[in-house]
Amino acid sequence: MPKKRKIDLKREEAIHIALEAQGLARENSFGKGKSGVLESIRHLGYIQLDTLAVVARAHHHTLWTRTNEYTGNHLNELMTEKKIFEYWGHAAAYLPMNDFRFSLVRKNEFLKGRAHWFAKDKKIHRYVFDKIKAEGPLQSKDFETDTKRGSWWDWKPAKIALEQLFQEGSLMIKERKGFQKVYDLTERVLPSEIETSLPTKEEFANYLIRSAIRSNGVASLKDMTHLRKGILPSVEKMLKKMMLAGEVSEVSIESVNDIYYQFPADGYRDSQLSKVNSKSVSILSPFDNVVIRRQRLKDIFDYDFTLECYLPAHKRKFGYFCLPVLFENKFVGKFDSKADRATSTFYVKSLYLESQPKSKDEFLVAFATTLKMFAEFNGCDKIIVEKTFPVKIKSELKKFLK
C-alpha cells in the first residue's frame with residue numbers, strides 16, 4: 001500500500017499553483033476563442049451566471065479574463081451545440097455537458113419533494129410541462145395572460161413552475177434570448193450519448209474532490225463541499241481512500257491553518273513557477289471562480305473582499321460594484337466601476353490600492369493597459385477616473401490612460 005506523503009508549501013508556491021490552475025497565471029491557458037471558452041468551463045467545472053450588469057455580466061467577464069477573442073455569442077453557440085448546459089452548481093452556472101450526470105444528485109433531491117423557493121403546485125406544473133411538450137421551447141413570457149392575478153394559470157405561478165421543473169430536471173434551458181431563459185423538455189435538449197444514471201455517494205464524492213483539486217490546484221474540504229448539504233462524510237471517506245491509494249496528497253500551506261489536498265505531482269509545481277506571467281494585471285469579476293470563496297481568498301491570498309452592492313448605501317466602504325485587481329500574483333486593490341453604455345463611458349468611481357506594488361509605474365502601466373481593454377469589452381471608448389486612494393495616483397494613472 002503506497003505511503004501517505006504530506007507536502008509543505010510556502011504561501012507563494014500555493015498562490016502560483018492556484019493561479020495556474022485557475023488559468024490566471026498566463027495568457028490563454030485554456031486556448032483562444034470558442035474552443036478556449038469550452039476548455040475553460042471544462043477545466044474550472046463551472047462559470048457562474050449573474051444578473052447584475054453594472055459591467056459585463058459575471059459569466060462574460062470571467063471568460064473574457066481568461067480567453068482572448070472571447071465574445072458573448074460563444075456561450076449560446078456552445079449551448080446550441082450541446083457542449084455545455086445551464087444548471088445549479090453552488091449557484092446558477094454554465095457547466096460542461098460531460099458533467100451532466102452529476103447534476104442529477106441535486107435534481108433527485110427536488111424529485112423527492114424539495115421545493116425551489118416556493119411550495120409545489122402539481123396542477124400548474126402539469127399545465128406548464130404539457131404546454132411546452134405540445135408547443136415546443138417557451139419562455140416565461142409565453143405564459144402571460146390578461147387574466148387577473150390569482151388564477152392558477154397566471155404567469156407568475158407558471159414562472160415558479162418553470163423553475164421547479166428545471167430544478168427537478170424535467171426541463172432544461174435550451175438557450176437564452178437576451179438574458180431570458182428558453183425552456184424545453186430535457187429529452188429534446190440532452191444529447192443521446194450522455195449518461196443519465198444517478199451517481200452513487202462514492203462517485204459523487206470522487207467527482208467533487210477531483211473537480212475541486214483540478215480547478216483550484218490545492219483544495220480544502222470546504223472547497224470540495226461548498227454549499228453542498230450532507231455530503232461531507234462521503235467526501236471525507238473518499239479522501240482517505242484516495243490518499244491511501246496515492247491519488248491525492250495532503251498539503252500544508254505556510255501561515256494557513258486549514259488542510260489542503262493536491263494531486264501528487266511535484267514536477268508540476270517546480271516546473272511551472274518560473275512561467276507565471278509577470279507585470280500583468282487581471283481585473284476580476286466579484287463572481288470569478290478564484291474570488292467567489294471569500295475565506296479561501298483570505299487564507300491563501302491574504303485578501304479581504306466583500307461585494308457591497310447588497311448592502312445599504314450608508315454601509316458601503318468602497319462602492320456599489322467593486323472589481324478585485326490582481327497584479328502579478330498579488331491582489332493589490334479594488335475599484336468601484338460602472339459601464340455607461342449609452343455614452344460609451346467607463347467610470348472608475350474609486351480605485352483603492354491596498355498593497356503598494358514594488359514598482360508603482362509598472363503597475364499603473366499594466367493596469368491602464370488592461371483597463372482600456374476591459375472598457376472596450378464593455379462597449380466603452382472613454383474612461384473617466386473619479387477618485388483614487390492614494391489620491392496622487394489619479395493624475396499618474398490618467399497619464400498612462402492617454
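Only this structure's heavy atoms are used, side chains among them; waters, hydrogens and symmetry mates stay out. Residues take their numbers from the sequence shown, with the count starting at 1. Since the model is a prediction, treat every value here as computed from it, not as a measurement.
Between Ile84 and Leu75, the shortest heavy-atom distance links the atoms CD1-O, 3.8 Å. When every heavy atom of Met79 is checked against every heavy atom of Phe85, the shortest pair comes out as SD-CA, 3.9 Å.
The number of heavy atoms from other shown groups lying within 6.0 Å of CD (Glu195) is above 12.
Listed by chain and residue number, nothing satisfies the salt bridge (Lys or Arg N to Asp or Glu O under 4.0 Å) test with Lys338 (two or more places apart in sequence, or in another chain). Legend: residues meeting side-chain contact (heavy atoms from CB on, under 4.5 Å) with Asn257, ordered by chain and number and at least two apart, are absent. Partners of Tyr320 under the ring-ring contact (aromatic ring centres under 6.0 Å, His included) rule, at least two apart in sequence or in another chain, do not exist in this structure. Partners of Phe305 by ring-ring contact (aromatic ring centres under 6.0 Å, His included), not counting sequence neighbours: none found. Remark: Arg126 engages no residue in a salt bridge (Lys or Arg N to Asp or Glu O under 4.0 Å) (not counting sequence neighbours). In this view, Glu69 satisfies the side-chain hydrogen bond (donor to acceptor under 3.5 Å, both in side chains) rule with no residue, not counting sequence neighbours. Contacts of Phe367 classified as ring-ring contact (aromatic ring centres under 6.0 Å, His included), with partners at least two apart in sequence or in another chain: Phe335, Phe363. In this structure, Phe321 has no ring-ring contact (aromatic ring centres under 6.0 Å, His included) partners at least two apart in sequence or on a different chain. Lys82 pairs by the side-chain contact (heavy atoms from CB on, under 4.5 Å) definition with Met97, Pro191, not counting sequence neighbours.
Between Glu175 and Lys181, no side-chain nitrogen of the basic residue sits less than 4.0 Å from a carboxylate oxygen of the acidic one, so the salt-bridge criterion is not met. Remark: Glu308 does not engage Lys315 in a salt bridge, criterion side-chain N to carboxylate O under 4.0 Å. At a threshold of 4.0 Å, the pair Arg66-Glu27 does not count as salt-bridged, since none of the basic side-chain nitrogens sits closer than that to a carboxylate oxygen.
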What pairs of donor and acceptor atoms, side-chain ones from residues 371-385 against any protein atom, are under 3.5 angstrom apart with sequence neighbours left out?
| from | atom 1 | to | atom 2 | distance (Å) |
| --- | --- | --- | --- | --- |
| Asn378 | OD1 | Ala56 | N | 2.6 |
| Asn378 | ND2 | Phe374 | O | 2.9 |
| Lys382 | NZ | Thr343 | O | 2.9 |

Listed pairs under 3.5 Å, donor-acceptor, residues 229-236 side chains, sequence neighbours left out:
none

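Residue pairs meeting the side chain to side chain donor-acceptor pair (under 3.5 Å) criterion with at least one partner in residues 48-62, sequence neighbours excluded, are Gln48-His90, His60-Tyr70.
Residues Leu190 and Met172 are in side-chain contact: their nearest non-hydrogen atoms beyond the backbone lie under 4.5 Å apart. Using a 4.5 Å heavy-atom threshold, the side chains of Leu63 and Phe30 count as separate. Looking only at side-chain heavy atoms (C-beta outward), Trp64 and Asn68 stay at 4.5 Å or farther from each other.
A salt bridge (Lys or Arg N to Asp or Glu O under 4.0 Å) with Glu77 holds for exactly one of Arg176, Lys34, Lys83; it is Lys34.
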Review point. Going through the distances and angles, do Glu202 and Asn206 end up as a side chain to side chain donor-acceptor pair (under 3.5 Å)?
Key: CA-CA 6 Å; Glu202 292 75 19; Asn206 187 290; over 6 Å; no
